[in-house]
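Keep in mind that the numbers below use all heavy atoms, side chains included, and drop hydrogens, waters and symmetry copies. Remember, predicted model here, so these are calculated numbers, not experimental data. The first residue in the sequence is number 1, and the count goes up from there.
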Amino acid sequence: MFRHIGTKYFFSSILAVVLGLGLCCGGCSMGTSSTTDKPQGTETKAKVPGVAIPRRSPDVKYSVPQGVSILMYHMIGDMKNNAAVMTKENLERQMKYLKDHDYHPITIEELYGYVANGDPLPDKPVCITFDDGYIDTYTIVYPMMKKYNFPWTLFLITDDVEKSYQRMTWDQLKEMAESGDVTIANHTLSHPKLHNLKTREEKENEIIGASKALKYRLGIDTAWLAYPYGDYDDEVIDICKKAGIKMAVTTDAGRVHVGSYPYELKRVYIGNDISMARFVERLNKDNYSPV
Ligand SMILES: [Zn+2]
């Protein structure tokens with residue numbers, strides 16, 4: 001059948017077939033692991049730096065919820081007169097509540113699927129986020145979330161890493177990034193109020209600079225950002241879009257839904273001034289009580 005084909009074409013055809021088979025095998029084996037009926041997040045999923053792997057029982061049911069609360073935490077520790085700094089005990093109480101009552105923390109990647117495409121989520125979903133990158137994120141939050149098997153998201157101020165004893169080191173962040181426990185995302189270089197910056201270049205520097213630091217230091221390609229102080233403007237959103245950010249969260253109070261604008265997602269504040277009853281309300285109700 002190769003009679004009418006010149007030798008040169010014959011060998012290049014053979015080469016093409018061999019390459020094609022190679023590609024197919026590579027593609028097929030990848031396809032096998034990603035198209036099984038197992039729910040997302042089984043241990044077979046490859047670890048990507050700075051991307052949390054949800055580890056859930058295959059029995060967990062999935063459906064499209066009415067809404068999802070993105071819980072917003074900051075520093076964990078004992079600081080009188082600052083309710084936003086949660087005590088370790090309160091955080092533990094809340095995480096235990098989630099575990100005991102069959103809530104399913106989701107990754108920010110799963111949240112994006114829900115918001116942008118209406119993808120199903122596990123029953124009783126909740127998205128847990130920590131901002132800034134304090135040392136307690138490594139010493140308290142990281143082991144606690146590991147204990148409960150909860151995926152979570154850290155929005156990191158990259159210029160603050162190793163800045164003082166209150167901040168994490170790059171080594172600690174690298175360990176976390178490679179654990180598959182946490183998604184590490186953009187919280188700008190230096191935490192300015194972005195809309196106050198005078199020029200587009202300054203805004204770009206803060207957003208793109210932090211993405212580059214995550215990539216350079218930790219090998220992370222991030223698509224997620226938290227605006228410092230929840231502050232942004234149209235130009236900031238435009239920069240995010242062009243910088244590969246697919247979704248950004250604010251500090252405005254509220255829950256998110258299918259079709260929520262992905263660059264203005266509201267979050268649910270949690271602090272020491274939120275009782276357990278109020279915490280539960282904040283997990284479930286769009287019109288939750290104010291602080
Ligand atoms: Zn912040």
Side-chain angles (χ1 to χ4, degrees), residues 50 67-75 82-85 108-109 111-112 114-116 127-134 137 152-161 163-164 166-168 173 183-218 220-271 273 282 286 288 290-291:
V68 176
S69 299
I70 308 175
L71 305 184
M72 175 177 61
Y73 295 95
H74 286 83
M75 186 184 275
N82 188 349
V85 179
I108 198 152
E109 290 79 6
L111 183 76
Y112 179 74
Y114 167 75
V115 169
C127 187
I128 303 172
T129 68
F130 286 80
D131 284 12
D132 301 338
Y134 303 103
T137 300
W152 55 291
T153 301
L154 163 64
F155 292 106
L156 180 71
I157 309 165
T158 55
D159 270 4
D160 279 359
V161 177
K163 202 171 177 185
S164 76
Q166 285 186 308
R167 302 287 174 162
M168 284 183 279
L173 282 156
T183 295
I184 302 178
N186 190 325
H187 197 31
T188 73
L189 276 184
S190 68
H191 209 264
K193 285 195 168 174
L194 287 167
H195 99 276
N196 281 350
L197 299 179
K198 298 267 185 311
T199 65
R200 182 180 177 99
E201 287 66 34
E202 286 174 271
K203 294 173 183 174
E204 283 176 344
N205 186 45
E206 283 288 340
I207 293 166
I208 298 169
S211 284
K212 282 184 175 169
L214 289 172
K215 178 70 175 173
Y216 175 72
R217 293 287 191 163
L218 305 171
I220 294 172
D221 292 300
T222 193
W224 327 114
L225 179 140
Y227 305 116
Y229 311 101
D231 178 272
Y232 62 96
D233 57 22
D234 288 346
E235 193 171 49
V236 167
I237 292 177
D238 186 58
I239 292 166
C240 284
K241 288 178 180 172
K242 287 173 179 151
I245 300 294
K246 294 196 289 188
M247 193 165 73
V249 298
T250 69
T251 55
D252 291 343
R255 293 175 11 112
V256 303
H257 308 89
V258 174
S260 291
Y261 184 49
Y263 294 92
E264 292 183 314
L265 293 189
K266 295 176 174 173
R267 287 193 289 175
V268 175
Y269 162 84
I270 303 293
D273 44 354
R282 281 169 185 242
D286 278 345
Y288 55 81
V291 177

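Side-chain contact between Arg200 and Asp238 is present, with at least one heavy-atom pair separated by less than 4.5 Å. For the pair Thr153 and Ile128, the minimum side-chain heavy-atom distance is 4.5 Å or more. Side-chain contact between Val85 and His74 is absent, with no heavy atoms from C-beta onward closer than 4.5 Å. When side chains are defined from C-beta on, Ser211 does not count as touching Ile220, because their heavy atoms never get closer than 4.5 Å. Taking 4.5 Å as the limit, every side-chain heavy atom of Tyr73 sits out of range of all side-chain heavy atoms of Thr129. In this structure, Pro228 and His187 have side chains that are in contact, with non-hydrogen atoms separated by less than 4.5 Å.
Taking CD from Glu204 and CG from Leu197, the interatomic distance works out to 11.5 Å, rounded to the nearest 0.5 Å. Rounded to the nearest 0.5 angstrom, Arg217 CZ and Lys212 NZ are separated by 15.0 Å. A distance of 9.5 Å separates CZ of Phe130 from CG of Leu154, quoted to the nearest 0.5 Å. In this structure, Ile207 CD1 and Glu202 CD are separated by 12.0 Å, a value rounded to the nearest 0.5 Å. Distance CD/Glu264 to CE/Met247: 13.5 Å, rounded to 0.5 Å. One distance of note links OG of Ser260 with NZ of Lys266; it measures 8.5 Å at 0.5 Å rounding.
The backbone N or O of Asp234 lies less than 3.5 Å from no partner atom in the side chain of Tyr263, so there is not a single donor-acceptor pair. The backbone N or O of Tyr134 sits nowhere less than 3.5 Å from a side-chain atom of Asp132 that would complete a donor-acceptor pair. For the pair Glu206 (side chain) and Leu194 (backbone), a donor-acceptor distance under 3.5 Å is absent.
Of the charged side-chain nitrogens involved, none lies within less than 4.0 Å of a carboxylate oxygen, so that Asp159 and Lys163 do not count as a salt-bridged pair. Salt-bridge check for Asp160 with Arg167: passed, with a basic side-chain N closer than 4.0 Å to an acidic carboxylate O. At a threshold of 4.0 Å, the pair Asp252-Arg267 does not count as salt-bridged, since none of the basic side-chain nitrogens sits closer than that to a carboxylate oxygen.
Tyr227 and Cys240 get closest at one heavy-atom pair: CE2-SG, 4.2 Å. Of all heavy-atom pairs between Pro262 and Leu265, the closest is O-CG, 3.9 Å. Of all heavy-atom pairs spanning Leu189 and Gly209, the tightest one is CD2-C, 3.6 Å.
Here Tyr114 and His257 keep their ring centres 6.0 angstrom or further from each other. Taking the six-membered ring for Trp and the full ring otherwise, the centers of Phe155 and Trp224 sit at least 6.0 Å from each other.
A donor-acceptor pair shorter than 3.5 Å can be found between the side chains of Ser69 and Arg255. No side-chain donor from either of Thr222 and Asn186 sits under 3.5 Å from a side-chain acceptor of the other.
For the side-chain contact (heavy atoms from CB on, under 4.5 Å) test with Val268, the passing option among Leu71, Ile70, Val68 is Leu71; the others fail.
In this pair, His191 and Tyr229 present their aromatic rings perpendicular. The plane angle is above 60°, beyond the 30 to 60° band.
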